[in-house]
Amino acid sequence: MLEIVNNFINGEFAEPHNKEYLDIYEPATGSVYGKVADSSSHDIYRAVESAKDAFPQWSGLYMEERAGYLKKIAAEIKNRSNILAKCESRDTGKPITLASKVDIPRAIENFNFFANFSENFIFESNIESEVSINSVSKQALGVVGCISPWNLPLYLFTWKIAPALIVGNTVLAKPSEITPLTASKLAEICSDIGLPAGVLNIVNGSGQVAGDLLVKNKNIKAISFTGGTDTGKKIYQNSFASLKKLSLEMGGKNPAIIFEDCNYESMLKTVVKSSFTNQGQICLCSSRILVEETIFEKFKIDFCNKISSINIGDPKNDKTQFGSITSDEQFKKIKHYINLAKNENGNILLGGKAIQLQGRCKNGWFIEPTVIEGLDNRSRLNQEEIFGPVVTLQSFKSEEEAIEIANDTQYGLSATIWTTSHKKSDRVAKNIDAGVVWINCWMVRDLRTPFGGMKDSGLGREGGESVLRFFTEQKTICEPK
Ligand code: NDP
């Protein structure tokens, strides 16, 4: 039976006004398993009105009361972890173990974290001078929009919604049309725990239509977006007329910089993960691997050997470490870049082909983990975001050269540095243009820290206090002394 994903407006599931739906595919099989509402202006209008109506009451609650709702949502996600992990794996093609160990636990943590962290957020302060007393308060903005991508659906959806709600905003959120299932399960949870109607509205549909309408809507005060840089730029332009606050988390071309004096075994294990987790479809994945010349040949062999033992297969299987690409469009895009490598004088050391599995997954969108060397850093493969299981190798002779190559892209999201020298890692980290730099580790997150990219990778910061500031407006009330 087909899974039907409807909108969630004013606390109820609703068919799209025009009764039109888009197909939802299971990427591991390449077949349609559901339909998702293809919303139009009427649906966006209703969702905004519902969020507007809910705002006075929600923003008027005590913070602890809102935190109580967030904690209930977290507890219910936890209770339904198994089913949510299955849905996420089916929708994205990611291994079930990854969904169970990373995506769903992080969605729980997002709600719990903001419920607790906001206790220490200073909403009001006084500034006195000889002539005045100023009361400075931070207030919710009103109705805000959250737009998230398909690679970490529930993880990134909740990373936006939780901070928006805790400070008193009401939300209109749009998941990617490619992976809408867990957002719809979250709506069920919100309904079951009694979140007041209209506080969270979820509208599905294409980015070009539903997303565009949401961005252009004058009643929406801010947009928190995660996705590609081109889309982010379009949102920037489209929100211009209504002067919205914007938080844009966008693409990356992240370098892993490996020095001869690194802890080799730990580096090797983590760089394989940082390159190929979620089939390389994480904005923070390493895509350009820069290796000190003295260990370049050894690294090449060891890296390829280690990748060869990754278990590729049906995402449903507990033993699978590497699943399918999430959409046919992305599958074709990755193959296009692999073909392009040949024109750019790249030498494919490992992988480079689509995989045809047997049985249930024979028509799925699988691509081998691919390693390419010999490309100039100015080549398209080293400059453009591929967002798949494709990494390039380059060697460097000095620290200066490594920094130069690392910074020579339009992006600046994250970087990893591998060395046992603190002085060296400190120097390199300070000179890398990236919002997040990991030294001898990857994807280690403390949710209190600011998260976001430099250059074309981002505008603004998520996480901790940064995101609570983003979702609030400051007001000064001044009286004479
Ligand atoms: P897209 O930019 O295509 O889409 C992201 C979201 O924006 C989707 O919900 C999409 O809807 C929506 N959208 C598309 N067009 C518009 C529009 N004109 N107006 C409003 N919304 C729109 O990104 P992907 O989903 O393909 O995700 C991959 C990208 O996300 C990569 O570039 C990756 O680096 C980036 N990313 C960045 C992260 C970060 O933290 N910096 C984290 C994770 C991913 P729909 O899909 O329904 O069309």
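Numbers here simply count residues along the sequence, with the first being 1. We use all heavy atoms of the structure for the numbers below, so side chains are in, but hydrogens, waters and symmetry mates are not.
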So, are [X] and [Y] salt-bridged, with charged N and O less than 4.0 Å apart?
| X | Y | value |
| --- | --- | --- |
| R90 | E26 | yes |
| D446 | R448 | yes |
| K269 | E265 | no |
| D230 | K234 | no |
| E399 | R427 | yes |
| R469 | E465 | yes |
| D91 | K86 | no |

Quick check with a 6.0 Å cut-off and a 45 degree axis cone: is [X] positioned over the face of [Y]'s six-membered ring?
| X | Y | value |
| --- | --- | --- |
| K233 | Y236 | no |
| K71 | F111 | no |
| R461 | F470 | no |

Quick one: pull up [atom1] in [X] and [atom2] in [Y] and give me the separation to the nearest 0.5 Å.
| X | Y | atom1 | atom2 | answer |
| --- | --- | --- | --- | --- |
| S224 | E249 | OG | CD | 7.5 Å |
| I223 | S239 | CD1 | OG | 7.0 Å |
| T270 | L268 | OG1 | CG | 9.0 Å |

Taking side chain as C-beta onward, heavy atoms only, is [X] less than 4.5 Å from [Y]?
| X | Y | result |
| --- | --- | --- |
| V199 | V171 | no |
| P153 | T92 | yes |
| K78 | I104 | no |
| I257 | L290 | yes |
| W159 | L154 | no |
| L393 | I372 | no |

Angle between ring planes, [X] versus [Y], binned at 30° and 60°: parallel, tilted or perpendicular?
| X | Y | value |
| --- | --- | --- |
| F299 | F303 | parallel |
| W150 | F387 | perpendicular |
| F331 | W365 | tilted |

More than 12 heavy atoms from other groups under 6.0 Å of [atom1] on [X]:
| X | atom1 | value |
| --- | --- | --- |
| E404 | CD | no |
| H422 | NE2 | no |
| E188 | CD | yes |
| N82 | CG | no |
| K316 | NZ | no |

For the side chain of [X] and the backbone of [Y], is there at least one donor-acceptor N/O pair under 3.5 Å apart?
| X | Y | value |
| --- | --- | --- |
| N7 | N204 | yes |
| N110 | Y155 | yes |
| N254 | C285 | yes |
| S324 | F366 | no |
| Q356 | K362 | yes |
| T420 | C262 | no |
| Q330 | I386 | yes |
| N440 | T419 | yes |
| R288 | A406 | yes |
| K174 | L214 | no |

Have [X] and [Y] got a donor and an acceptor in their side chains that come within less than 3.5 Å?
| X | Y | answer |
| --- | --- | --- |
| N112 | E109 | no |
| N151 | Q281 | no |
| N347 | E373 | yes |
| E260 | T294 | yes |
| E384 | Y337 | yes |
| Y264 | D302 | yes |
| T226 | K160 | yes |

Work out which heavy atom in [X] is nearest to a heavy atom in [Y]; give both atom names and the distance.
| X | Y | result |
| --- | --- | --- |
| K94 | E88 | CG-O, 4.3 Å |
| G352 | E368 | N-OE1, 3.5 Å |
| G323 | P315 | CA-CG, 4.4 Å |
| A429 | I439 | CB-CD1, 4.3 Å |
| I282 | T277 | CD1-CG2, 3.9 Å |
| E462 | S247 | CG-OG, 4.0 Å |

Identified side-chain contact (heavy atoms from CB on, under 4.5 Å) counterpart of P389 within the set I310, I367, I307 |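 Between P389 and the candidates, side-chain contact (heavy atoms from CB on, under 4.5 Å) is satisfied uniquely by I367.
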
Give a yes or no on whether the ring-centroid distance for F114 and F121 is below 6.0 angstrom.
-> no

Audit row: I189, R80, side chain to side chain contact (heavy atoms under 4.5 Å, CB included) steps and yes/no = CA-CA 9 Å; I189 288 175; R80 302 180 198 185; 3.4 Å; yes

Residue pairs fulfilling salt bridge (Lys or Arg N to Asp or Glu O under 4.0 Å) with at least one residue in residues 272-286, sequence neighbours excluded = none

If a pair satisfies side-chain hydrogen bond (donor to acceptor under 3.5 Å, both in side chains) and one of its residues is in residues 386-397, list it, with sequence neighbours excluded.
->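 Residue pairs passing side-chain hydrogen bond (donor to acceptor under 3.5 Å, both in side chains), neighbours aside: N377-Q394, N382-T392.
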
